[in-house]
Amino acid sequence: ASAVAQPGSAAPLEVLHRVFGYDAFRGQQAAIIDQVVGGGDALVLMPTGGGKSLCYQVPALVRDGTGIVVSPLIALMQDQVDALEAVGVRAEFLNSTQDPDTRREVERAFVAGELDMLYLAPERLKLDSTKNLLDRGRISLFAIDEAHCVAQWGHDFRPDYLELSVLHQRWPDVPRIALTATATETTHREISARLELDDAAHFVADFDRPNIQYRIEAKDGPQQQLLRFIRSEHDGDAGIVYCLSRKSVEGTAEFLVKQGIAALPYHAGLDAGTRARNQSRFLREDGIVMVATIAFGMGIDKPDVRFVAHLDLPKSVEGYYQETGRAGRDGLPSTAWLAYGLQDVMQQRRMIDQSEGDAEHRRKLSAHLDAMLALCETVECRRVQLLGYFGQASTPCHNCDTCLTPPQAIDGTVPAQKLLSTVVRLKRERDQQFGAGQIIDILLGKTTPRITQNRHEQLATFGIGSELSEIEWRGVVRQLLAQGVLAVSPDGYGTLLITDAAAEVLSGTRPVRLRKEPERAARPARARSG
Ligand code: ADP
Ligand code: ZN
């Protein structure tokens, strides 16, 4: 029952017009809503900005009873409820941040049938008190938002989500709709299995975000690169800059502010008040650049984010896709810009080696990283590669860096052999091992103190690599790491090691293809033709 939609009397389209003020459903929304209104289960894979919310909000208003929305985003529940109340929908939430009186009032309203929608954090469903409460009211549907959190294979696993199979067991007649913006085959299958969605209709939307221009470039003074990128293409625009650590979030935000850019930091180490303040300024003011860890962004609905920049390599393609997907929800041209370098690869390989968990877990992290590296090093269209990862075939897009400025694929066998034989020699000569910097200095024939101290000028490979510049050599190391020809020692010093594949390269049985970075001029996202 609802103040805005009398039971049984409101059709989905009418609710869409009257409550939400929109003219028509988009994409598969109508079909999804029909499925749930009819009492069936649905699994919805739709990119960020695709319009997932209406897929459960409309059925919750059309069907009798209260729609229960399970969401991990406690920090956003207030905003979501406010937005619904603003259009006359009776929505509330229950989470640990409320005082007991408020909670009791929400519970009373639910039991009395006075709510259209009730938001719950997944951990609440572990409590018997919550389950008993739900038994005392009338439920129209369960919506499981951010459903990929149930997938252990995915990049954002939350153990509390495993409990959600209880929904089907305890309330078998209530339709469930699970929604996510993550769409790899494996995650898709895992969501379906863990949530026991055997009879659900699956709705897989087109994952392409044609208005986002994807660009990935080699790191070379990342803060200055970022500054040039913002100034030349997104001056005064709202954007998000992702960094891996809290420290680099703060350093980068400070740097941008000094350069006159309205930047704010956001990470889990800031107190709740500061986080809430910065988030709300980002949402409400124009042209704020949020510098953040990945703690920021899930569920943030700001349509005019013009760019998402990554100053560190994301850990997975799923993460990259979700984070970049926060740009351009309004459909206008936007940029996804990533700077990545050798240190990123080394650091992430080291983090994987040192991570807790079993070999299986480390294999999973490695596979995620390898897919991300393959996207960075591809000479093909980024979008084709990205969509291919999500199982969708496409043709070159003309709106990514590799389409706009095609890199050359060059035969890198000889440079690779020079580099690998240096690694081998160093290992043979003495116990001490060396990282990429020293190896490149040797190839370039530099007489640094560290070279002379170790008598590296006497190595047969000293100075044989002058055909490439230092930055090009770093690119070679990076790509050999990405291709698994080189590895990083878990010693924490970034020592380079050769792998079995390296022996094949050295013997000439395995050719090496390398990506040669094209010269790139800054290219405004808005000036594109398509
Ligand atoms: P998602 O949860 O998939 O990221 P949202 O549900 O937040 O996407 O929707 C993204 C934006 O699109 C919102 O601003 C929403 O109001 C708008 N939207 C969704 N469906 C429609 C529609 N049928 N007509 C117009 N706007 C829509
Ligand atoms: Zn392309």
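Just follow the structure's listing: the first ligand is 1, and inside any ligand the first atom is 1. Because the structure is a prediction, the values reported are computed rather than measured.
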What do we get for Pro47 next to ligand 1 when only non-hydrogen atoms under 4.0 Å count, side chain, backbone, both or neither?
backbone
Nearest-contact summary for atom 7 (O) of ligand 1 - protein heavy atom, Å:
Arg329 NH1, 3.5 Å
Atom indices of ligand 1, in the order listed, that fall short of 4.0 Å to a heavy atom of Phe25
23 (N)
closest protein heavy atom to atom 4 (O) of ligand 1 is Gly49 N, 2.6 Å
Heavy atom of the protein closest to atom 20 (N) of ligand 1 (residue, atom name, distance)
Gln29 NE2, 2.9 Å
Hey, does Ala24 come in under 3.5 Å of ligand 1, counting only N/O atoms on both sides?
yes
With the threshold set at 4.0 Å, does a side-chain nitrogen-carboxylate oxygen contact exist between Lys219 and Asp312?
yes
Nearest protein heavy atom to atom 6 (O) of ligand 1, by residue and atom, and its distance?
Ser53 OG, 2.6 Å
If we check ring pair (Phe, Tyr, Trp, His ring centres under 6.0 Å) with His310, which of these qualifies: Trp337, Tyr242, Tyr340?
Tyr242
Salt bridge or not for Arg176 and Asp199, using N-O below 4.0 Å?
no
Apply the salt bridge (Lys or Arg N to Asp or Glu O under 4.0 Å) test between Asp401 and each candidate in Arg382, Arg215, Arg383; give the one that qualifies.
Arg382
Is it the case that more than 12 heavy atoms not belonging to Glu380 sit under 6.0 Å from its CD atom?
no
Over 60° means perpendicular and under 30° means parallel, so classify the ring planes of Phe142 and Trp171, tilted if in between.
tilted
Tell me, which protein residue and heavy-atom name are nearest atom 12 (O) of ligand 1, and how many Å apart are they?
Arg26 NH1, 3.2 Å
Metal check, the Zn ion (ligand 2) vs His398 N/O/S, cut-off below 2.8 Å:
no
Among all protein non-hydrogen atoms, which one is nearest to atom 9 (O) of ligand 1, and what is the separation to 0.1 Å?
Gly51 CA, 3.5 Å
Return the residue, atom name and 0.1 Å-rounded distance of the protein heavy atom closest to atom 24 (N) of ligand 1.
Tyr22 CG, 3.5 Å
List every atom of ligand 1 that sits less than 4.0 Å from any heavy atom of Leu54, numbering the atoms from 1 in the order shown and giving each element.
19 (C), 20 (N), 21 (C)
Pair Arg478 + Glu377: basic N to acidic O under 4.0 Å:
yes
In this structure, atom 14 (O) of ligand 1 is nearest to the protein heavy atom Asp301 OD2, 3.5 Å
CG of Asp64 to CD1 of Ile139, rounded to nearest 0.5 Å, is 12.5 Å
